[in-house]
Amino acid sequence: MAMQYENITVVIPTYKEKDNIGVLLKLLLGRYPGINLIVVDDSPDDSTIAAATAVLHNFKGARRRVKIVSRHKLGLQRGLTSSVIYGISLAKTRYVIVMDADLQHPISKIQDISKKLAEGYELVVATRADVTNWALHRRIISRLLMYVAYAVLFLRGAARCGDIFSGYFGFEKSMFERTYARNKKRFVGPGFKVLFDLLKCIPYGKIKIGEVPYVFHIRKKGASHAGARQVAALIRSFIS
Ligand SMILES: Nc1nc2c(ncn2[C@@H]2O[C@H](COP(=O)(O)OP(=O)(O)OP(=O)(O)O)[C@@H](O)[C@H]2O)c(=O)[nH]1
Ligand SMILES: [Mg+2]
């Protein structure tokens with residue numbers, strides 16, 4: 001029997017992704033019948049929202065299954081982690097998958113993540129098997145931060161997985177909400193590492209974590225948002 005995707009919501013945070021979001025939505029709607037999508041946009045202008053909305057005309061029933069929200073219009077402060085948490089709260093399905101808008105996360109992995117969730121894994125992380133073409137300084141900074149973060153999880157007896165900084169992962173919505181409700185202050189809203197914040201709040205061995213390997217490519221369109229601000233937020237994450 002073909003897999004069903006009605007019980008999956010993909011949450012996609014966006015910041016100035018007008019060149020990518022339309023392509024991604026088309027790919028997802030074309031390949032995964034019944035899937036639910038939530039775009040959570042923080043852009044200061046409407047171009048990302050417009051590019052996302054334009055896709056809906058091409059897919060029957062998409063209006064019911066795709067939500068596009070502008071947090072900027074709601075007067076909410078910009079933040080990747082806070083956007084993801086907001087998107088999850090809007091999801092009405094048993095499972096949620098978080099992914100980037102910039103096509104760095106191969107959509108084929110939605111199938112593998114969904115399968116593992118259906119098998120009973122409460123958290124399934126798409127782990128970067130390899131990062132191609134990253135600048136040397138980014139490689140070094142990323143590695144260093146990863147070691148510190150891993151040590152933080154280890155010393156606290158928290159859950160961990162092969163790629164604790166992945167931005168591509170799926171989970172049981174109820175597991176996330178339960179964990180978040182008890183640990184709200186430990187999630188760093190402006191930060192980039194919501195998976196790390198989640199792992200931090202789960203005792204080691206408490207939930208069944210699955211992994212799906214993939215190759216991460218350099219972004220082709222739009223600007224990167226990773227920078228000093230995100231590193232500062234991550235350090236806050238380490239100590240909260
Ligand atoms: N809602 C929201 N989304 C954001 C924010 N910052 C980044 N994003 C989105 O989060 C995802 C990850 O951001 P990226 O800039 O791609 O970060 P990255 O993948 O570590 O960096 P690159 O490899 O250079 O792309 C993308 O879909 C961004 O559009 C933000 O403040 N708010
Ligand atoms: Mg990216």
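Because the structure is a prediction, the values reported are computed rather than measured.
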Quick one: pull up OG1 in Thr93 and CD1 in Ile35 and give me the separation to the nearest 0.5 Å. 9.0 Å
Donor-acceptor pair, side chain of Tyr32 and main chain of Ile107, under 3.5 angstrom: yes
May I ask you to test the Phe169-Val194 pair for a side-chain heavy-atom distance under 4.5 Å? yes
Is it the case that one hydrophobic cluster holds both Tyr214 and Phe165, taking links as side-chain heavy atoms less than 4.5 Å apart, direct or via other members? no
Could you tell me if the side chain of Ser114 sits less than 4.5 Å from the side chain of Tyr95, heavy atoms only? no
Mind listing the side-chain donor-acceptor pairs of residues 66-73 below 3.5 Å, one per line with the distance, residues two or more places apart or on another chain?
| residue | atom | partner | partner atom | Å |
| --- | --- | --- | --- | --- |
| Lys67 | NZ | Leu90 | O | 3.2 |
| Ser70 | OG | Lys73 | N | 3.2 |
| Arg71 | NH1 | Asp42 | OD1 | 3.0 |
| Arg71 | NH1 | Asp42 | OD2 | 3.3 |
| Arg71 | NH1 | Gln77 | O | 3.0 |
| Arg71 | NH1 | Ser83 | OG | 3.3 |
| His72 | NE2 | Pro44 | O | 3.4 |
| Lys73 | NZ | Asp46 | OD1 | 3.1 |

Consider only side-chain heavy atoms of I, L, V, M, F, W and Y, link residues closer than 4.5 Å, and tell whether Ile97 and Val23 are in one cluster. yes
Check step by step if side chain to side chain contact (heavy atoms under 4.5 Å, CB included) holds for Leu103 and Leu24. CA-CA 7 Å; Leu103 308 168; Leu24 178 66; 3.9 Å; yes
Measuring only between side-chain heavy atoms, which start at C-beta, is Leu28 closer than 4.5 Å to Ile12? yes
Show me the side-chain donor-acceptor pairs of residues 115-125 shorter than 3.5 Å, one per line, residues at least two apart or across chains.
| residue | atom | partner | partner atom | Å |
| --- | --- | --- | --- | --- |
| Glu122 | OE1 | Lys208 | N | 3.3 |

Out of curiosity, Thr48 OG1 to Asp41 CG, how far, rounded to the nearest 0.5 Å? 4.5 Å
Hey, quick one: are Tyr168 and Ile209 part of the same hydrophobic cluster, counting side-chain heavy atoms closer than 4.5 Å, chains of contacts allowed? no
Kindly work out whether a path of hydrophobic side-chain contacts (I/L/V/M/F/W/Y, heavy atoms less than 4.5 Å apart) joins Val11 to Val188. no
To the nearest 0.5 Å, atom NZ of Lys173 lies from atom OG of Ser89 at 6.0 Å
Does Arg94 offer a backbone N or O that forms a donor-acceptor pair with the side chain of Asn7 under 3.5 Å? no
To the nearest 0.5 Å, what is the distance between CZ on Arg31 and CD1 on Ile110? 9.5 Å
Between side-chain atoms of residues 140-157 and protein atoms elsewhere (two or more places apart, or another chain), which donor-acceptor pairs fall under 3.5 Å?
| residue | atom | partner | partner atom | Å |
| --- | --- | --- | --- | --- |
| Arg156 | NH1 | Ser240 | O | 3.1 |
| Arg156 | NH2 | Phe238 | O | 3.3 |

So how far is it from Glu172 CD to Thr179 OG1, rounded to the nearest 0.5 Å? 11.0 Å
Using only atom types and a distance under 3.5 Å, with no angle test, would you say the side chain of Lys200 pairs donor to acceptor with the backbone of Ser237? yes
Nearest-0.5 Å distance, CG of residue Asp100 to CD of residue Glu17: 8.0 Å
Please name the residue in the list Leu195, Asp197, Leu198 that meets the side chain to side chain contact (heavy atoms under 4.5 Å, CB included) test with Thr81. Asp197
Checking Glu177 side chain against Ser174 main chain: does a donor-acceptor pair fall under 3.5 Å? no
If you look at every heavy atom in Phe187 and Cys201, which pair is closest and at what distance? CE1-SG, 3.9 Å
